[in-house]
Amino acid sequence: MATDTLKSTGGKGSASGGLRRLLLDNGALTALIVLVIAMSALSGDFLTADNLLNIGVQAAVVAILAFGVTFVIVSAGIDLSVGSVAALSATVLAWSATSEGVPVPLAVLLAIATGIACGLVNGILVSYGKLPSFIATLAMLSVARGLSLVISQGSPIPFPDSVSHLGDTLGGWLPVPVLVMIVMGLITAFILGRTYIGRSMYAIGGNEEAARLSGLRVKKQKLAIYALSGLFAAAAGIVLASRLSSAQPQAAQGYELDAIAAVVIGGASLAGGTGKASGTLIGALILAVLRNGLNLLSVSAFWQQVVIGVVIALAVLLDTLRRKAGATPTASGAPGGGDRKKQAATYLLAAVVAAAIVGALSFLHNGSSEAKAQKVGLSVSTLNNPFFVQIREGAQEEAKKQGLDLTVTDAQNDASQQANQLQNFTSGSLDAIIVNPVDSDAAGPAVRSANESDIPVVAVDRGVNKAETSALVASDNVAGGRQGAEALAEKLGGKGTIVILQGQAGTSASRERGSGFAEGIKEYPGIKVVAKQPADFDRTKGLDVMTNLLQAHPDIDGVFAENDEMALGAIKALGSKAGKSVQVVGFDGTPDGLKAVEQGTLYASVAQQPRELGRIAVDNALRAAEDKKIDETVMVPVKVVTKENVAEFGG
């Protein structure tokens, strides 16, 4: 295995100095051991077989991406495109196998070829186009994500069943993603330590000009390096889509940063010349352990981001201290036999020490018998939207009233991140789970795992497909869409031109509100829809999309936005036209939306009661945990709020 084994330049020291050297020379491993011990001490649910396997599954995609990025970083480059390439490769597989009828084995090859092709383009731009790797791969990040959205039309594509088994387990307990991660790690170690291309990576990263003068074909080697990164990204995309049972065009957003962080935490230098597969794996495990443990400890979703950033900084700082303490990396990146034996002994010693400590902690946790409050987990699709913030607040109020221990997580509109959170809930000894799905299909596999563990699941606002839920607490989005169409049409006198701002593709809320509006507007043939564009339920995107639409349709009479945030963005774009020559109707009845209704810039909002949704969801989750009878569907009424009745509406 290729490594950046560090050798002390100092002389002999005491036993304490030797221990200090051992810890410093294995900074990432030390950080991982400390994290595992800390999480085991703080949470009795951390050190269970199911949870440890969850950590492995959650680390798998980032680790596979990071293995590919390791090749690039060792050669003193950077690859920002791996997350988008992963999503594109998975989308190509799902689209070709389902929509185009391509045999699954050939579709898999097409997906892998897509990843390699993207990597080759990166390599050509860097080697022959003389572009900085940062710029070349940043461009590919945008291109690959755009192609993924074009192919899928912005909607998730079901994954072939034969490939979805990659997200399953062998023998009912060993996750396939973990096996794939191990295999890809061994391949990475072999390439770095036993092949000509691997030695070339270290030479290029150490001194590219010297490597070129020594006869190394640097340009061709870089093509191979970036192609390998694309190949590993494709593999990661296939594994991720298999876990979600669907190819998500927006999947793996931000994963390139996690992959780079894993490589750097593992001991590689962004300046190039050092790095190893084992270090990258440890870095990915550190990130997975951290996120898993913070979920189990009920740490605020907002504070989790702060903690993760701090731990990454501390891990890299430890590596810096190690280097300043007198350790120097070997030039070749390939250790000798003695170094290998020493490294193996270090890992074995670390495993024994960690096992002893966490075993003792586990015994202490098992010995504790004090009564605890019932625990419920709530995974919200995003807390960057007032509607979902109010759902959380309503849930927290009801939990406090009922004496429940409620853990809230923020999926940040990332279906794979939500799947991880739900798996953490399942292994965390919760009495019930509440989920507000990012995507109804992608939430299915994780909810099925909760079903297998006999943990009741309540869906709120959006349903879950291909899984059992004890209840769905939601507003009637279809009826609300029809009401919105009627309100806008009547305000316009039954004639005029309008545009529609759509929500995030693939969500049941967007589909249902859109279909309800389409049904309602059919009753008014004098009204013509001249444009439909997605703005992802986001105010800023609503502003940008509306600004662009006004260039093509400056004389529109009305706007229907599938939520208040997009409606408020549209109002900003319309300026003085809003509420006067152009009527805008939103959806949700958020505080800002109702304020705009009161001011007259927003004509109406189809108001839901998000606090009531959260309250009822918690109540139903508690009843399900106690095996009490509950309705499978609980519909919270919606109503159209205008300036005339806004004062009566309490949210």
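For this chain, numbers begin at 1 and follow the sequence in order. Everything numeric here is computed off the predicted structure, so don't read it as measured data.
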Engineer: Return yes if a side-chain donor-acceptor contact under 3.5 Å exists between D439 and Q248, otherwise no.
Structural biologist: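 Looking only at side-chain atoms, Q248 and D439 do form a donor-acceptor pair, the distance falling under 3.5 Å.
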
Engineer: Tell me yes or no: between the side chains of S164 and S242, is some donor less than 3.5 Å from an acceptor?
Structural biologist: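 No, S242 and S164 have no side-chain donor paired with an acceptor closer than 3.5 Å.
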
Engineer: Would you list the pairs meeting side chain to side chain donor-acceptor pair (under 3.5 Å) in which at least one residue belongs to residues 119-128, sequence neighbours left out?
Structural biologist: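 For residues 119-128, and leaving out neighbouring residues, the side chain to side chain donor-acceptor pair (under 3.5 Å) pairs sorted by first residue read S81-N122.
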
Engineer: How about N424 and N54: does a side-chain donor come under 3.5 Å of a side-chain acceptor?
Structural biologist: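 Side-chain D/A pair, N424 to N54: absent.
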
Engineer: Suppose the criterion is ring-ring contact (aromatic ring centres under 6.0 Å, His included): which pairs have a residue in residues 209-239, not counting sequence neighbours?
Structural biologist: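 Found F71-F232.
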
Engineer: Treating D410 as the side-chain partner and L383 as the backbone partner, does any N or O pair qualify as donor plus acceptor under 3.5 Å?
Structural biologist: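 Such a contact is found between D410 side chain and L383 backbone.
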
Engineer: With sequence neighbours left out, write down each residue that passes ring-ring contact (aromatic ring centres under 6.0 Å, His included) with Y255, or none if nothing qualifies.
Structural biologist: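 ring-ring contact (aromatic ring centres under 6.0 Å, His included) list for Y255, sorted by chain: empty.
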
Engineer: Would Q418 and S379 count as having a side-chain donor-acceptor pair, cut-off 3.5 Å?
Structural biologist: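 The criterion, which ignores hydrogens and geometry beyond distance, is satisfied for S379 and Q418.
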
Engineer: So which atom in C118 and which in V85 form the shortest heavy-atom distance, rounded to 0.1 Å?
Structural biologist: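 Taking every non-hydrogen atom into account, CB-CG2, 3.8 Å.
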
Engineer: Just jot down the ring-ring contact (aromatic ring centres under 6.0 Å, His included) partners of F67, sequence neighbours excluded, or say none.
Structural biologist: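 ring-ring contact (aromatic ring centres under 6.0 Å, His included) list for F67, sorted by chain: empty.
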
Engineer: Could you verify whether a donor N or O on one side chain and an acceptor N or O on the other, from S427 and D50, lie under 3.5 Å apart?
Structural biologist: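 There is no such pair between these side chains.
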
Engineer: Do T70 and T280 have a side chain donor and acceptor closer than 3.5 Å?
Structural biologist: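 Side-chain D/A pair, T70 to T280: present.
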
Engineer: Is there a donor-acceptor contact under 3.5 Å from the side chain of R145 to the main chain of P249?
Structural biologist: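 A pair under 3.5 Å: yes.
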
Engineer: Measure from the side-chain N and O atoms of S84 to the backbone N and O of L141, and report whether any donor-acceptor pair falls under 3.5 Å.
Structural biologist: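 Indeed, once roles are kept as given, a pair shorter than 3.5 Å links the two residues.
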
Engineer: Under 3.5 Å, is there a donor on one side chain and an acceptor on the other for D414 and S416?
Structural biologist: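 D414 vs S416: donor-acceptor pair found between side chains.
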
Engineer: Please report the closest heavy-atom contact between I265 and L287, naming both atoms and the distance.
Structural biologist: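 Taking every non-hydrogen atom into account, CD1-CD2, 4.2 Å.
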
Engineer: Measure the shortest side-chain to side-chain distance between P160 and L93 over non-hydrogen atoms and say whether it is less than 4.5 angstrom.
Structural biologist: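 A side-chain contact under 4.5 Å exists here.
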
Engineer: Who passes salt bridge (charged side-chain N to carboxylate O under 4.0 Å, His left out) against D258, sequence neighbours left out?
Structural biologist: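 By the salt bridge (charged side-chain N to carboxylate O under 4.0 Å, His left out) rule, D258 matches R291.
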
Engineer: State which residues pass side-chain hydrogen bond (donor to acceptor under 3.5 Å, both in side chains) with Q417; sequence neighbours excluded, sorted by chain then number.
Structural biologist: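 side-chain hydrogen bond (donor to acceptor under 3.5 Å, both in side chains) check on Q417 returns nothing, list empty.
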
Engineer: Pick one: which of L65, I78, V82 meets side chain to side chain contact (heavy atoms under 4.5 Å, CB included) with E256?
Structural biologist: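 So, applying the side chain to side chain contact (heavy atoms under 4.5 Å, CB included) to E256 and each of L65, I78, V82, only V82 qualifies.
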
Engineer: Cut-off 3.5 Å, side chains only: do Q423 and R243 have a donor facing an acceptor?
Structural biologist: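 Note: Q423 and R243 side chains meet the donor-acceptor criterion.
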
Engineer: R448 versus K466: any side-chain heavy-atom pair under 4.5 Å?
Structural biologist: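 Yes - at least one pair of side-chain heavy atoms lies under 4.5 Å apart.
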
Engineer: In terms of side-chain heavy atoms, does T409 have a donor or acceptor partner in N295 at a distance below 3.5 Å?
Structural biologist: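 Short answer, no.
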
Engineer: Within the distance-only criterion (no hydrogens, no angle test), does the side chain of Q153 pair as donor or acceptor with the backbone N or O of V150 below 3.5 angstrom?
Structural biologist: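 Answer holds: yes.
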
